[in-house]
Every structure is written in C-alpha cells, then in structure tokens.
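Numbers for residues simply follow the sequence, beginning at 1.
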Amino acid sequence: MTKRIFSGAQPTGNVHLGNYLGALRNWVALQNEYESFFCIVNLHAITQPYAPAVLAEKTRDLARIYLAVGIDPQISTVFIQSHVKEHTELTWVLNCVARVSELERMTQYKDKVRKQQENVSVGIFDYPVLMASDILLYQTDLVPVGDDQRQHLELTRDLAIRFNRDFGETFKLPDAYIPKAGARIMSLSDPGKKMSKSDDDPNGCVLLMDDADTVQKKFKRAVTDSGTEIRFDPARPAISNLLEIYHLITAQSPQQVEEHFAGKGYAQLKGDLAQATVEFLRPIQERVRDISDEQLDRILDQGREKARQIASVTLDQVFQRTGLGYR
Ligand code: ATP
Ligand code: MG
C-alpha cells in the first residue's frame, strides 16, 4: 500500500525561507511517492494572541503558498484543520492519555513560557497533543518537518504506543522525516536562533512574498562572523547559514558553493544570495497571485472531504475502543 505523509504549517504570519527549506520543499518532493495530506493548522495558530480577521486571511494566504510552491492538489490533499472536527475530538481523547509531566518537558513550550510569562494559554501547553492528533488521525507513516519538531514527533509516537497498549492496536507509529540540509535555517539577525514567523524582528526572516528590495536589504543587514573566509564551518554559524540557503536555493553542491565564493568577500556573498533568492521567489509569487478565490475554495472543499473520510474512520475506531462509541 502507498505510504502516507502528513504535515502542516501555522497561519501565524508570513511563510519564510526556513519554512520552505525545512518543510514545504520536501512536501513537494515527497508527494509523488506518498499519499499526502498537507494541513493549514489554524487551530494551532490560535494558541497565541491573534486577530480573527487576520487569521482568516493568513489561512487562505498559506493555502495559496502551498499551491504556489508546487503542492499539486490533484495528487495531494490540502485542507484547513478546523474544517475537520475530528482533530479536536481526538485531541480530547489523547489529552487523557498524555501526562502533564511529559508536556512540561517540551522545549517549545518552555521557550514560550519564558517569553510570555503569565500570558501562556492552556492551548500552548496542549499544542503537542493537538499535533499528535493531526498526525495519528491519518495513520501517517512519515512526517516531513524541520528539526524544531523532533521532540513533538517523539511525543506523538509515545502517545500512540500508550494508546495502542491500553486500548488495542489503533494508531500507526509515524516517523519524522527531517532533511539533512535546511532543517534549521537560522535568523539572519541572530544565527543563534531559528528563523521564525513569530520573531519580533522582521529582519531575521526572508519571506516568500518579500519583494526584491526587501530581500536585498535583509541579506545586506544579515549579521556575519569574524574572519573573511567563505566556507561551511560550524564555528561560523552566520556565514554557514547564508551558504546553506545559497546551496539549497541554487541546487549547487556545498563544494560548488565554496568554490564559487573562494577568494570573494561577504558583500559578494550577500549580493549573490539576494539575487538568487529574488529569482527563486519570482515564479512562486506570480503563482500566488494567479490562484483565484474560486479555485482555492474548490481545492479546500475537496481537501476537507478527502481528509474527513480518513479521519472519521480513525476516530470511530478510537471511540469504539475507548467506550465512547456512539456512531
Ligand atoms: P511560529 O514561530 O509561529 O511557530 P514557524 O516559523 O516555526 O512559526 P511553523 O508553522 O511552526 O513555522 O512550522 C512550519 C514548518 O516549518 C515546520 O515543519 C517547522 O519544523 C518548519 N520550520 C520552522 N522554522 C524553521 C526553520 N527556521 N528552519 C527549518 N524549518 C523550519
Ligand atoms: Mg513553529
């Protein structure tokens, strides 16, 4: 049987190169080989403060981006999380399988608590359980994500193992698919932290929808390391990050990239990187603008129906096995 992948991104802001290189790029590559479900996880997005009208707009923007980067709705299922109510229903059941102590160990949760102090919603705490439900509902084999999601994937497997043990074999155990390159693109302003949609500093991220001027400015301002040599080196995280972006965007090998920049200066690296990025983004941006509202509605309606078909079967089994079954 064809194996299945599931993945998603939050409509919390604007998609950046980290999201693309760490996740979306691999979704596109894997969709021909796997039965694919790509979700816009708007229920995850409301765990942070938000404005409803903006959320609704960003949700559609993100769906457009999925399509524009190459997700093919003829072969992949693209849908919005809140359209498939099984996600929240399974979350409740898994909430009663998950332990407070294991959720307290999640580093993403701890980071958010550190930043937001007393304003942390219960939703942020519960985020990994909702994510586990997303994945397990589709009996997913593989979850292509960036490196920051590794711990959440381990929790997903732990919850599935515990549920299967206590209630009978129900969920397939999913594996994370974390790419060798691009799994952790760093902020351009601070190479010590990952590029993030929710980062307050707009210069840290290059957005997929940034215009040419903005892309140039952001790369120009990017922090660099001391020294002058341009090569991959763990001790020089800022330059390595810029080189990694260049390597992935131009599809040149790391060795070719180093040869290209041998003897050249940081200004040239930034200029070439900006130019390559602008060229890379142009067709994506054109496709985003070409997708009509009607087209998008049709794709999302189809996606919702297909997702529901699969999700409802899993949820029925869960309800049967837990004594909740009424349908
Ligand atoms: P937020 O700050 O709101 O959490 P985000 O930038 O982390 O936003 P998500 O929607 O949470 O984006 O993640 C979507 C996908 O992008 C996930 O698979 C995640 O692992 C991946 N991803 C996020 N940031 C990076 C990054 N800097 N490098 C590589 N992959 C990333
Ligand atoms: Mg994130």
Side-chain angles (χ1 to χ4, degrees), residues 2-41 44 61-79 81 108 131-132 134-154 156-157 172-186 194-197 205-209 232 240-254 257 276-277 280-281 283-285 287-288 299 303 307:
T2 316
K3 291 195 168 183
R4 230 176 242 164
I5 59 178
F6 176 96
S7 200
Q10 303 186 76
T12 35
N14 298 309
V15 178
H16 52 75
L17 281 179
N19 298 137
Y20 177 75
L21 298 174
L24 296 172
R25 193 173 78 99
N26 302 306
W27 305 358
V28 175
L30 293 165
Q31 68 179 340
N32 294 308
E33 226 179 301
Y34 290 83
E35 186 185 0
S36 308
F37 291 81
F38 300 120
C39 188
I40 292 123
V41 293
H44 281 94
D61 287 352
L62 184 54
R64 283 196 166 84
I65 295 265
Y66 282 12
L67 301 169
V69 298
I71 303 292
D72 177 356
Q74 303 290 342
I75 55 172
S76 297
T77 302
V78 176
F79 70 104
Q81 189 184 27
Q108 190 168 301
M131 178 166 160
D134 299 339
I135 295 165
L136 298 176
L137 267 180
Y138 298 91
Q139 305 292 358
T140 303
D141 294 284
L142 208 64
V143 187
V145 282
D147 180 67
D148 62 321
Q149 297 303 319
R150 198 182 288 274
Q151 196 185 27
H152 288 162
L153 250 301
E154 277 163 23
T156 301
R157 287 175 63 95
K172 195 170 252 185
L173 298 188
D175 287 309
Y177 175 94
I178 298 172
K180 282 197 190 76
R184 197 169 176 79
I185 299 295
M186 307 313 278
K194 82 169 190 78
M195 211 178 255
S196 261
K197 283 196 244 94
C205 292
V206 171
L207 305 178
L208 261 49
M209 295 307 287
F232 287 96
S240 298
N241 189 44
L242 297 178
L243 288 175
E244 178 143 316
I245 297 173
Y246 191 84
H247 148 58
L248 292 167
I249 275 189
T250 61
Q252 291 179 28
S253 70
V257 172
T277 304
F280 171 77
L281 294 181
I284 295 177
Q285 297 179 352
R287 284 195 291 272
V288 163
I299 290 165

Under the rule for side-chain contact (heavy atoms from CB on, under 4.5 Å), what residues qualify as partners of [X], not counting sequence neighbours?
X      : answer
Ile299 : Leu67, Pro73, Val78
Gln252 : Tyr246, Thr250, Gln256, Val257, His260
Pro254 : Phe232, His247
Gln108 : Lys112, Tyr127, Asp148, Gln149, His152

For side chain to side chain contact (heavy atoms under 4.5 Å, CB included), just list the numbers for Met209 and Val288, CA-CA rounded to whole Å, side-chain angles, deciding distance to a tenth of an Å, and then say yes or no. CA-CA 9 Å; Met209 295 307 287; Val288 163; 3.8 Å; yes
So, applying ring pair (Phe, Tyr, Trp, His ring centres under 6.0 Å) with Phe6, which one of Phe37, Tyr34, Tyr138 is it?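 Going through Phe37, Tyr34, Tyr138 one by one, the ring pair (Phe, Tyr, Trp, His ring centres under 6.0 Å) with Phe6 is satisfied by Tyr138 alone.
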Checking [X] now: which residues fulfil salt bridge (Lys or Arg N to Asp or Glu O under 4.0 Å) with it, not counting sequence neighbours?
X      : result
Arg150 : Asp147
Glu244 : none
Asp175 : Arg157
Asp61  : none

In Å and rounded to the nearest 0.5 Å, what is the [atom1] to [atom2] distance from [X] to [Y]?
X      : Y      : atom1 : atom2 : value
Leu62  : Phe38  : CG    : CZ    : 12.5 Å
Asn19  : Leu208 : CG    : CG    : 8.0 Å
Ile5   : Asp141 : CD1   : CG    : 10.0 Å
Met186 : Ser196 : CE    : OG    : 9.5 Å
Leu173 : Thr140 : CG    : OG1   : 11.5 Å

Taking Tyr66 for the side chain and Cys39 for the main chain, is one N or O donor matched with an acceptor at less than 3.5 Å? yes
For Ser36 against Gln31, the heavy-atom pair lying closest together: OG-CA, 3.4 Å
List the steps, then state whether side chain to side chain contact (heavy atoms under 4.5 Å, CB included) holds for Val15 with Leu207. CA-CA 6 Å; Val15 178; Leu207 305 178; over 6 Å; no
If you define the side chain from C-beta out and look only at heavy atoms, does anything of [X] sit under 4.5 Å from [Y]?
X      : Y      : answer
Ile135 : Leu153 : yes
Ile65  : Leu24  : yes
Leu17  : Ile249 : yes

Could you pull out all residues at least two apart from His16 that satisfy ring pair (Phe, Tyr, Trp, His ring centres under 6.0 Å)? none
Pairs under 3.5 angstrom only: tabulate donor-acceptor contacts from the side chains of residues 177-185 to other protein residues two or more places apart or in another chain.
none

Could you list all the side chain to side chain donor-acceptor pair (under 3.5 Å) pairs where at least one residue sits in residues 20-29, not counting sequence neighbours? Ser7-Trp27
Just by distance, with hydrogens left out, do Asp134 and Gln81 show a side-chain donor and acceptor under 3.5 Å apart? yes
Where at least one partner belongs to residues 2-18, residue pairs that pass salt bridge (Lys or Arg N to Asp or Glu O under 4.0 Å), sequence neighbours excluded: Arg4-Glu35
